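Fair warning: this is a prediction, and the values are worked out from it, not measured in the lab. Proteins get letters first, then strands, A, B, ... in listed order; numbering begins at 1 in each.
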Number of protein chains: 2
Amino acid sequence: MAETPGVVRITDVAALAGVSPSTVSKALNDTGSLRPATRARVREAAERLGFVPDATARSLSARRSFTVGLLSTDSAGRFSLPVVLGAENALVGGQISALLATARHDPVREQHHVRSLVARRVDGIIVTGRTVDPRPPIHVPMPVVYAFAPSQDPDDASVVPDDAAGMRAVVAHLLSLGRRRIAYVGGRGDQLASTVRHDALVDALGEHGLQRAGDPLYGEWSERWGRLAVDLLLGDHRPGDPPPFDAVAFASDQLARGGCDRLRDRGIRVPEDVAVTGYDDWDVMALASRPPLTTVDPQLERLGQRAAELLLAAIDGHPSHGVETSPPRLVVRASTMGDG
Amino acid sequence: MAETPGVVRITDVAALAGVSPSTVSKALNDTGSLRPATRARVREAAERLGFVPDATARSLSARRSFTVGLLSTDSAGRFSLPVVLGAENALVGGQISALLATARHDPVREQHHVRSLVARRVDGIIVTGRTVDPRPPIHVPMPVVYAFAPSQDPDDASVVPDDAAGMRAVVAHLLSLGRRRIAYVGGRGDQLASTVRHDALVDALGEHGLQRAGDPLYGEWSERWGRLAVDLLLGDHRPGDPPPFDAVAFASDQLARGGCDRLRDRGIRVPEDVAVTGYDDWDVMALASRPPLTTVDPQLERLGQRAAELLLAAIDGHPSHGVETSPPRLVVRASTMGDG
DNA sequence: CGGTACGAGGAAATCGGATTCCTAGTTTCC
DNA sequence: GGAAACTAGGAATCCGATTTCCTCGTACCG
């Protein structure tokens with residue numbers, strides 16, 4: 001089909017099949033009442049000409065575009081990317097295309113994108129962000145689902161990772177290994193990703209009559225801070241002495257990787273002396289760490305898929321409201337289980 | 001504007017302004033001949049009603065959708081993602097939206113997406129891939145630009161990173177530091193990213209009458225292989241002895257980071273004894289490495305932008321052909337320059 | 001055998017703007 | 001003062017597919 005003189009229209013198919021355009025439409029969409037022979041003839045003609053119905057025309061008369069917007073606050077980074085991919089994946093199944101719109105933290109850009117999506121009459125919008133901290137809602141005349149970063153309006157539909165469950169799983173795992181003195185190292189203290197995980201850890205320990213070892217530490221989300229935090233936790237610990245904790249739960253794989261490195265530097269064995277856990281299951285960190293990290297996979301693609309499902313349901317007239325959590329998955333590796 | 005009873009149409013604006021729909025169209029698009037007062041009245045009416053012209057209707061009559069497809073062979077991973085973002089960014093300037101389509105290495109999915117994009121009458125398509133290895137072209141009745149992964153058809157328009165230039169810059173930098181015995185560690189030997197960089201290194205050395213130190217090594221794109229490769233390069237080197245090379249050019253930041261770690265393990269100082277360079281400028285690797293890596297930033301966002309520019313030109317009737325290279329940028333850090 | 005019912009397929013309206021064409025004023029100029 | 005020129009704005013057409021409404025023809029039934 002190298003020679004495409006112009007694009008094939010329904011009238012071309014109609015002419016070739018010797019029927020009217022309306023008959024072609026009915027034949028290809030399995031509507032109306034037509035003789036099987038006619039349907040077949042039209043189908044063959046469409047096939048021969050490589051007819052692909054014009055979606056813009058279809059959208060116009062259907063009053064919907066079979067398109068949804070994926071509005072990402074940031075530049076589709078490490079967290080929103082999997083969410084976007086999961087969503088896109090789920091949408092394809094529903095014969096729906098995804099319009100990508102990245103705001104790059106610029107409210108003006110975001111507003112511009114929102115207007116553009118509205119103008120394109122998208123059937124719905126999925127909004128994602130860089131953090132799990134609630135964000136201002138957008139106001140548009142179509143369904144919206146917030147993924148990862150929930151809406152500040154509790155009546156909006158949001159899907160967020162269940163960080164509390166993830167950290168509880170970590171604690172349960174560590175306790176099952178006999179660890180009792182568990183320390184915590186977070187990232188930025190002003191972000192829920194740090195505080196929610198901390199609070200869940202404290203709660204889970206409390207249920208077993210235990211307390212967190214040492215003070216919670218907050219810093220930046222970097223390996224450097226992970227190393228530094230280990231120094232702070234160890235204080236004036238000397239090689240050979242038993243450390244004042246037998247496990248450290250880090251709030252990210254980056255922190256945990258840095259932490260592992262520093263523990264090793266200080267002559268402390270992981271996991272024999274101290275078990276280490278990360279969070280995010282970011283392969284380049286969790287697998288490259290020495291030892292590889294036991295961590296929590298937030299299953300963000302699945303979260304994105306779920307958001308898409310909720311959106312499709314809303315488009316279909318079944319809107320949901322409130323915040324739904326998406327379950328994480330504990331991934332056990334050598335940093336807690338010897339050479340497991 | 002909480003109450004949006006239905007969407008506002010051009011006739012609603014016309015009614016409010018007391019004019020005909022065609023006049024509204026002319027007023028808002030600055031066409032036709034209207035009195036300034038009329039234009040203003042229409043504008044105000046449109047503003048008041050929050051009128052946003054239906055892009056699907058506009059597309060239908062304009063015979064173009066003001067939309068381009070971003071077709072990604074893989075799941076928009078580490079390499080295609082920046083390309084996609086750069087492209088999306090450049091498109092926004094042209095009032096064009098981006099339809100995201102990820103094929104996930106599945107030819108069936110890819111075909112499905114291509115059909116969908118054609119049906120939606122996208123004005124053009126940008127195709128990206130996971131590697132710089134040439135890929136089969138797609139056949140569609142609209143302009144296509146291949147970004148990162150070029151088309152196998154040399155007549156198609158492609159934009160690829162100039163890896164040879166990147167590696168030449170690395171060599172020039174190392175030579176300027178007085179290094180003369182430069183070794184090379186690649187990733188997978190069956191990928192151009194490994195071989196092109198190697199050949200460029202050998203050529204650049206040759207221009208100065210130098211040869212590569214040791215044999216080129218190929219393996220997987222991992223930190224582990226970076227460490228292993230260093231062991232292979234060192235052979236039976238003993239601590240204290242001068243190593244058989246004074247610099248190692250790695251084909252990726254991951255390899256380089258692993259290499260740095262192993263060099264340090266073996267008691268070799270970076271950069272004093274051996275200078276190390278990476279490739280990609282992947283922040284979580286290049287900055288977290290000890291020491292931080294001198295590396296090459298392929299400027300993939302810029303590459304994506306360039307691809308978008310070429311596509312917009314092609315849509316505008318000025319198609320380009322052949323492979324265009326996008327320049328990289330050398331980023332100097334401590335792994336070659338002391339504590340610079 | 002005539003009338004009703006149903007099946008097949010075509011004609012026409014519709015979706016919402018853009019654009020072309022046309023008409024009614026107004027102005028200009030002879 | 002009347003014709004030509006121009007202007008502002010409205011009416012009609014178009015984009016391409018869907019869908020509703022009709023019509024025509026055949027089969028069935030009393």
Item checked: Residue Arg104(A) excluded, over 12 heavy atoms near CZ under 6.0 Å -> yes
Next item on the list: Using heavy atoms and a sub-4.0 Å distance, could you list which residues of residues 34-44 of chain A are near DNA chain C? By number, please.
Entry: Leu34(A), Arg35(A), Thr38(A)
Check: Rounded to the nearest 0.5 Å, how far does CD1 of Ile96(B) lie from OG of Ser116(A)?
Finding: 10.5 Å
Checklist line | First-last contacting nucleotides on DNA chain C - partner chain B, under 4.0 angstrom, heavy atom | finding: dG16(C) to dT20(C)
Next item on the list: Kindly write out the residues that satisfy salt bridge (Lys or Arg N to Asp or Glu O under 4.0 Å) with Arg64(A), not counting sequence neighbours, or none if the list is empty.
Entry: Asp123(A)
Notebook entry, point to check: Can you name the salt bridge (Lys or Arg N to Asp or Glu O under 4.0 Å) partners of Asp162(A), sequence neighbours left out?
Noted result: none
Note to self: For Glu309(B), is there an ion pair with Arg306(B) - N to carboxylate O distance below 4.0 angstrom?
What the structure shows: yes
Check: Tell me, which pairs form a ring-ring contact (aromatic ring centres under 6.0 Å, His included) where one or both residues lie in residues 116-163 of chain B, sequence neighbours left out?
Finding: Phe79(B)-Phe148(B)
Check: Once you build an axis from the first five pairs and another from the last five of the helix from dC1(C)-dG30(D) to dC30(C)-dG1(D), how far apart in angle are they, to 10 degrees?
Finding: 60°
Notebook entry, point to check: Quick one: what's the B/S/- string for nucleotides 16-23 of chain D, heavy-atom cutoff under 4.0 Å, read 5' to 3'?
Noted result: BSSBB---
Margin query: Listing request: all salt bridge (charged side-chain N to carboxylate O under 4.0 Å, His left out) pairs with a residue in residues 133-154 of chain B, at least two apart in sequence or in separate chains.
Written below: Glu110(B)-Arg135(B)
Note to self: I'd like to check the salt bridge (Lys or Arg N to Asp or Glu O under 4.0 Å) partners of Arg63(B); sequence neighbours left out, ordered by chain and number.
What the structure shows: none
Checklist line | Pairs involving residues 52-61 of chain A, ordered by first then second residue, that meet salt bridge (charged side-chain N to carboxylate O under 4.0 Å, His left out) (sequence neighbours left out) | finding: Asp54(A)-Arg121(B)
Item checked: Trace of the side chain to side chain donor-acceptor pair (under 3.5 Å) decision for Thr67(A) with Arg120(A) -> CA-CA 9 Å; Thr67(A) 298; Arg120(A) 293 193 133 81; over 6 Å; no
Check: Does anything in residues 80-119 of chain B pair up under ring-ring contact (aromatic ring centres under 6.0 Å, His included), and if so which pairs, sequence neighbours excluded?
Finding: none
Check: Can you name the residues that form a salt bridge (Lys or Arg N to Asp or Glu O under 4.0 Å) with Asp30(A), not counting sequence neighbours?
Finding: Arg39(A), Arg43(A)
